[in-house]
Amino acid sequence: MDTVQRVVVVPQEPVGQIQPYLHGQFAEHLGELVYPGVYVGPESSIPNTDGLRNDVIEALRPLSVPVLRWPGGCFADDYHWRDGIGPREQRPLRINTHWGMEEEPNQLGTHEFIAFCRAIGAEPYFAGNLGSGTIQELRDWVEYCNFAGNSTLANERRTNGAAEPFQVRFWGIGNENWGCGGNMSPEEYAAAFARYRSFVFNYPGTEVEAIACGPNGHDWSWTRRFFEYMKKRDGNCRLRHIQGFAAHYYCGTAGTATEYTESQWLELLSKAYAIEGIVTGHRSIMDEYDPQRKRKLILDEWGAWHPVEQGKPRSGLYQQNTIRDACVAALSLDVFHNHADKLYMANIAQLINVLQSLLLIEEDRCIKTPTYHVFDLYRPHKGAQAVRFLTAAETVSNGEASEEACRSCYLDKQPFALRAVHGSASVRDGVLCVTVVNTHPTQPVELDLEVYQGKLGEMEAVTLASDEIHAHNTFEQPDVVQLAAAKTLQAQGSQLRVSLAPGSVTRLMGRLG
Ligand code: AHR
């Protein structure tokens with residue numbers, strides 16, 4: 001591979017506004033995420049506020065998490081919201097049927113989750129139960145949360161301590177209903193969606209964004225058949241009930257979370273990059289039914305899924321998180337920014353101690369993962385205007401290494417080739433923010449960044465890098481992988497030369513001339 005690589009940013013070509021929701025998160029009642037990741041109870045010796053862990057809140061607050069999806073996942077379609085309201089000592093003990101038949105004590109329910117969202121500044125996104133719940137149950141949960149007036153349900157919410165409505169806008173109508181949420185065909189789900197959705201009302205002050213269950217990865221036929229059914233029934237009428245359509249895509253693993261070869265590094269990043277095909281493929285099918293893009297494409301769940309760490313229960317989905325996962329996160333966020341015109345929300349799975357998490361907790365300790373640092377580094381993109389980012393960097397993996405990468409090509413049937421450098425660019429108030437990933441585990445890159453017909457001056461560079469491709473943070477050594485101190489670089493006209501360490505993520509920011 002050549003050491004010198006080139007990328008071009010075109011500020012004259014806006015792509016779309018980067019919805020902050022593209023940096024969303026997901027929290028399911030699964031493994032250690034909710035108990036004790038979020039909730040330890042007011043009596044716990046772990047410092048908490050009304051049962052919610054202080055260390056976790058402190059760690060998440062600076063990220064301005066835009067949205068938090070809850071309570072699942074598969075858990076959502078076996079969750080009955082009434083179990084989680086009222087005096088905590090009277091709440092029923094249930095079984096978490098999807099995740100190891102563990103006890104579900106219902107100590108964190110609707111009120112506690114809303115309190116957590118408020119503490120970290122996130123907007124709640126509730127996944128409703130279509131699989132095993134009734135239409136009435138979902139209908140009532142929405143009224144309980146959102147009705148400001150005088151009704152038995154709104155008054156019950158008041159009795160339980162919330163005088164004002166929660167104003168929950170995002171409601172998922174089921175989760176993975178092609179699988180754990182009921183094993184339905186697209187037509188069966190579409191029919192169920194139409195019925196459940198009809199009774200999810202907009203109470204004054206809160207307009208609901210109803211989110212339909214989308215496909216698993218590259219299952220193009222789920223998307224087509226769902227929209228075909230919704231359209232065919234009575235013209236376009238039922239399409240109006242859909243505000244969002246949510247796909248899931250996990251890039252999986254190659255090796256394990258902490259043990260992998262250089263070629264497995266590239267394999268995982270190729271599979272991660274294939275998420276671009278998921279976004280463009282499903283959006284292009286949706287465009288046939290919804291050319292004005294009134295229905296938002298969402299990625300409800302995404303990220304790496306490694307084998308569970310030894311010594312941890314299989315059902316808890318606990319995995320370590322290395323610099324390779326940081327590159328997975330950065331590459332994916334860059335894809336989302338580059339498709340800001342097509343994608344509205346994306347929620348990485350999951351927040352704490354489950355899959356590709358931002359935080360790891362153990363007893364009274366809480367550490368930030370390399371993935372956390374990527375979300376931190378990429379913050380300036382949120383809400384900014386994405387502009388065209390073109391990479392002329394050479395191919396480091398042609399995608400054929402991964403079947404998933406091949407199957408994810410809906411439009412051009414070409415595998416998504418992983419380049420030595422990927423990235424994205426945005427502009428806000430005349431300040432350019434460019435993020436780049438050197439995807440190669442061992443080769444450094446001298447990057448020539450050109451701003452087309454533009455001028456750059458001083459640029460601030462912040463990097464997430466490591467000398468070791470398996471580097472990760474532990475409770476004993478929590479800062480092995482962390483953001484380096486900012487450096488100032490000087491551009492020449494429209495060009496900036498910047499050194500990118502192997503397997504690293506860099507943010508460059510400066511005023512456009
Ligand atoms: O994130 C873990 C699980 O992955 C979720 O519960 C489910 O929706 C998906 O299959």
Side-chain angles (χ1 to χ4, degrees), residues 24-35 37-38 67-80 94-102 104 108 113 125-133 170-184 186 189 193 211-219 222-223 226 244-253 257 271-272 275 278 282 298-309 312-321 325 328-329 332 345-360 369 371 404:
Q25 303 292 327
F26 171 34
E28 179 166 10
H29 288 240
L30 195 179
E32 299 163 349
L33 199 159
V34 170
Y35 316 107
V38 173
V67 65
L68 185 57
R69 179 172 179 253
W70 172 84
C74 294
F75 180 85
D77 278 295
D78 198 18
Y79 178 65
H80 302 279
R94 302 286 184 207
I95 305 163
N96 192 333
T97 47
H98 287 289
W99 303 112
M101 298 286 169
E102 298 290 338
E104 169 50 60
L108 182 134
F113 179 72
Y125 166 4
F126 283 9
N129 179 346
L130 172 141
S132 70
F170 297 118
W171 289 88
I173 312 295
N175 167 78
E176 295 196 350
N177 304 95
W178 36 261
C180 64
N183 287 302
M184 300 175 196
Y189 173 69
F193 173 88
I211 296 162
C213 161
N216 183 20
H218 58 265
D219 185 357
W222 176 275
T223 300
F226 172 78
F245 181 74
H248 291 181
Y249 177 72
Y250 288 97
C251 62
T253 189
K271 292 195 276 191
I275 205 165
I278 303 297
H282 288 295
I298 288 171
L299 278 172
D300 249 354
E301 296 180 24
W302 66 272
W305 192 316
H306 301 302
V308 173
E309 183 155 301
K312 291 277 189 182
R314 276 189 59 196
S315 59
L317 307 187
Y318 180 99
Q319 63 190 40
Q320 247 299 355
N321 196 300
D325 295 298
V328 165
S332 307
M345 181 192 287
N347 305 318
I348 188 171
Q350 300 195 15
L351 193 64
I352 304 161
N353 281 28
V354 170
L355 301 177
Q356 191 174 348
S357 54
L358 296 195
L359 301 176
L360 295 176
T369 65
T371 297
E404 190 59 52

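What you are looking at is a predicted structure, and each value in this text was computed from that prediction instead of being measured. These values consider heavy atoms only, across backbone and side chains, with no hydrogens, waters or symmetry-generated copies. When a ligand or atom number is given, it counts from 1 through the structure's own listing order.
The CD atom of Gln356 sits 13.5 Å away from the CG atom of Leu317 when rounded to the nearest 0.5 Å. Atom CG of Leu360 and atom CD of Gln319 lie 9.5 Å apart (nearest 0.5 Å). Distance check, rounded to the nearest 0.5 Å: CG of Leu359 to CG of Asn353 gives 8.5 Å.
Residue-ligand proximity, Asn175 to ligand 1, at heavy-atom distances under 4.0 Å covers atoms 8 (O). Atom numbering of ligand 1 starts at 1 in the shown order; those under 4.0 Å from a heavy atom of Leu355 are 1 (O), 2 (C). Atoms of ligand 1 found under 4.0 Å from any heavy atom of Phe26, numbered from 1 in the order shown, are 1 (O). Taking every heavy atom of Cys74 and a limit of under 4.0 angstrom, the matching atoms of ligand 1 come to 5 (C), 6 (O), 7 (C), 8 (O).
Aromatic pair Phe75/His98: ring centres not closer than 6.0 Å. The aromatic ring centres of Phe126 and Phe170 sit 6.0 Å or more apart. For Phe245 and Phe226, the distance between ring centers is under 6.0 angstrom. For Trp302 and Tyr249, the distance between ring centers is not under 6.0 angstrom.
Protein heavy atom at the shortest distance from atom 6 (O) of ligand 1 is Glu28 OE1, 2.7 Å. Nearest protein neighbour of atom 10 (O) of ligand 1, counting heavy atoms only, is Glu176 OE1, 2.7 Å. If you check which protein heavy atom lies closest to atom 2 (C) of ligand 1, you get Gln350 NE2, 3.6 Å.
At a heavy-atom cutoff of 4.0 Å, ligand 1 is contacted by the side chain of Glu301 but not by its backbone. Only the side chain of Trp99 comes within contact range of ligand 1, with a heavy atom under 4.0 Å; no backbone atom does. Residue Val354 does not touch ligand 1, judged by heavy-atom distances below 4.0 Å. Residue-level proximity to ligand 1 for Tyr250 is carried by the side chain, the only part with a heavy atom below 4.0 angstrom.
Here the side chain of Asn129 pairs a donor or acceptor atom with the backbone of Tyr79 at under 3.5 angstrom.
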